[in-house]
Number of protein chains: 2
Amino acid sequence: MRSTCPIAQSLDILGDRWTLLVIRDLMFVGKTQYGEFLNSPEKISTNILAERLKRLEQAGIIEKQAYQNNPPRYEYHLTQKGRDLRPLLSEVCKWGLEYVEDTQIPPSLKQETVQKN
Amino acid sequence: MRSTCPIAQSLDILGDRWTLLVIRDLMFVGKTQYGEFLNSPEKISTNILAERLKRLEQAGIIEKQAYQNNPPRYEYHLTQKGRDLRPLLSEVCKWGLEYVEDTQIPPSLKQETVQKN
DNA sequence: CGGGATCCGTCTTGATACTG
DNA sequence: CAGTATCAAGACGGATCCCG
């Protein structure tokens, strides 16, 4: 928490190399489980993923649901707060497509990513 | 460079705690000089700022213009590539205003920040 | 004096091994 | 297979120095 600027505050939560990628997987790729996030091509490491999931849950952006008890297994889902990051992600995607070379919408990314808006 | 996903690629450039704050200062607060960035309430340190300005210039997001030769002094300005980050920043701002407590548009942020879109 | 570079201590990140 | 422990590497904060 560095100032009351909404951009600075948002960046305290989202401003790192991995958080928005996890949210991308939840929002556009349909992933919900730990192992699915690990399989993404960017290869997040296990401790970083666990820590980000924890922080995102604490921030109220995702929710953890048990779908099995023995052994306990969880699914992660976006809350409304998380779903409302869609326009933001969409702009990140559009900018990347326009300005960064060698980008393409991976098949995993549903087209709504860019179409939306 | 981690995959061809435009989100991942964009995050390679923008995904850290400071880069988008510098761009915020350039885009909405009208800052152009080194010392002005240093004065922002988030208190970026000098080495980080210098390094980010260099990376942003290399990425083609900002340009450095000498406005004085002795001693040499520079102004930094957004390129078109940088200006096109406006919708992205705008979404970051809107999300923060809606979901992060104690945020308010600082007077320094022109209202277009949010109105735009 | 203002724009940076450099150095150093600390905190964060990340790769990997490991545990239930 | 989900998550933790460990430890190395990198990012960061802050002070200081340097140069025009």
Side-chain angles (χ1 to χ4, degrees), chain A residues 1-3 7-26 29-59 61-77, chain B residues 1-3 8-9 11-26 29-59 61-77:
Chain A
M1 210 159 298
R2 302 177 288 189
S3 71
I7 296 179
Q9 297 265 15
S10 299
L11 258 25
D12 270 350
I13 304 176
L14 309 170
D16 76 279
R17 209 171 238 68
W18 295 107
T19 301
L20 286 175
L21 287 177
V22 174
I23 295 171
R24 171 203 63 182
D25 282 350
L26 285 159
V29 194
K31 301 190 174 184
T32 62
Q33 297 177 22
Y34 193 86
E36 297 179 309
F37 301 123
L38 284 183
N39 286 334
S40 290
E42 294 85 10
K43 295 299 165 208
I44 189 171
S45 56
T46 60
N47 56 345
I48 302 294
L49 175 59
E51 197 265 351
R52 291 301 189 279
L53 289 171
K54 213 168 285 175
R55 285 188 39 201
L56 283 170
E57 194 187 1
Q58 283 169 1
I61 292 171
I62 65 174
E63 284 172 337
K64 190 182 190 175
Q65 288 177 11
Y67 67 92
Q68 169 185 314
N69 284 342
N70 198 328
R73 287 293 123 96
Y74 302 94
E75 280 181 349
Y76 299 90
H77 294 280
Chain B
M1 212 160 294
R2 304 176 291 190
S3 71
Q9 297 265 16
L11 258 26
D12 271 350
I13 303 175
L14 308 170
D16 77 278
R17 210 172 239 71
W18 293 108
T19 300
L20 285 175
L21 287 178
V22 173
I23 296 171
R24 171 203 65 182
D25 282 349
L26 285 158
V29 195
K31 300 189 173 183
T32 62
Q33 296 178 22
Y34 193 86
E36 297 179 308
F37 302 123
L38 284 182
N39 286 334
S40 290
E42 294 85 10
K43 294 299 163 207
I44 189 172
S45 55
T46 62
N47 53 348
I48 304 294
L49 175 60
E51 198 265 351
R52 290 302 188 279
L53 289 172
K54 211 169 285 175
R55 285 187 41 201
L56 284 170
E57 194 188 0
Q58 283 169 0
I61 293 171
I62 65 175
E63 285 172 337
K64 191 184 191 174
Q65 288 177 13
Y67 67 93
Q68 169 185 314
N69 284 342
N70 199 328
R73 286 296 121 93
Y74 301 95
E75 281 182 349
Y76 299 90
H77 295 280

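Every heavy atom of this structure was used, including side-chain atoms; hydrogens, water molecules and symmetry mates were not. In the text below, chain A, chain B and the rest are named by the order of the sequence lines, each starting its count at 1.
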Inset, instruction - Ignoring backbone atoms, test whether B:Lys54 places a side-chain nitrogen or oxygen under 4.0 Å from the OP1 or OP2 oxygen of C:dA5. - result: yes

Inset, instruction - Assign each of B:Ala50 and A:Arg73 to its nearest nucleotide of DNA chain C by heavy atoms, then name whichever residue's nucleotide is nearer the 5' end. - result: B:Ala50

Inset, instruction - Nearest whole angstrom, please: distance from the P of C:dT6 to the CD1 of B:Ile48. - result: 14 Å

Legend entry - Phosphate-side-chain proximity, A:Trp18 and C:dG14, N/O vs OP1/OP2 below 4.0 Å: yes

Inset, instruction - Provide, to the nearest angstrom, the distance between the CG atom belonging to B:Asn70 and the P atom belonging to D:dC19. - result: 15 Å

Inset, instruction - Name the nucleic acid region contacted by B:Phe37, choosing base, sugar-phosphate or nothing; use a 4.0 angstrom heavy-atom cut-off, strictly under. - result: nothing

Inset, instruction - Could you give me the CA-CA distance, side-chain angles and deciding distance for B:Ile61 and B:Thr19, then say whether side-chain contact (heavy atoms from CB on, under 4.5 Å) is met? - result: CA-CA 11 Å; B:Ile61 293 171; B:Thr19 300; over 6 Å; no

Inset, instruction - Could you check how far CG of A:Leu11 sits from P of D:dC12, rounded to whole Å? - result: 12 Å

Legend entry - Atom-pair distance (CG on B:Leu49; P on D:dG14), nearest Å: 14 Å

Inset, instruction - Could you work out which one of D:dT4, D:dA15, C:dG3 sits closest to the side chain of B:Thr46? - result: D:dA15

Inset, instruction - Using only side-chain N and O atoms of B:Tyr34, determine if any of them is under 4.0 Å from OP1 or OP2 of C:dC1. - result: no

Legend entry - Any B:Ser45 side-chain nitrogen or oxygen under 4.0 Å from OP1 or OP2 of D:dG13: yes

Legend entry - Spacing of OG1 belonging to A:Thr46 relative to OH belonging to A:Tyr34, to within rounding of 0.5 Å: 4.5 Å

Legend entry - Interatomic distance where CG belongs to A:Leu38 and C1' belongs to C:dT16 [whole Å]: 13 Å

Legend entry - Polar side-chain contact B:Asn47-D:dG13 base: donor and acceptor under 3.5 Å: yes

Legend entry - Identified side chain to side chain contact (heavy atoms under 4.5 Å, CB included) counterpart of B:Tyr76 within the set B:Leu53, B:Leu56, B:Val22: B:Leu53

Legend entry - Distance-minimising heavy-atom pair for A:Glu42 and B:Ser3: OE2-OG, 2.8 Å

Inset, instruction - Using whole Å, report how far CD of B:Gln33 lies from P of C:dG3. - result: 6 Å

Inset, instruction - Specify the separation, in whole Å, of atom CG of B:Asp12 and atom P of C:dG14. - result: 11 Å

Legend entry - Atom-pair distance (CD1 on B:Ile44; C1' on D:dA15), nearest Å: 17 Å

Legend entry - Distance below 4.0 Å between B:Arg52 side-chain N/O and D:dA11 OP1 or OP2: no

Inset, instruction - Using a 4.5 Å cut-off on heavy atoms from C-beta on, say whether the side chain of B:Asp16 contacts that of B:Arg52. - result: yes

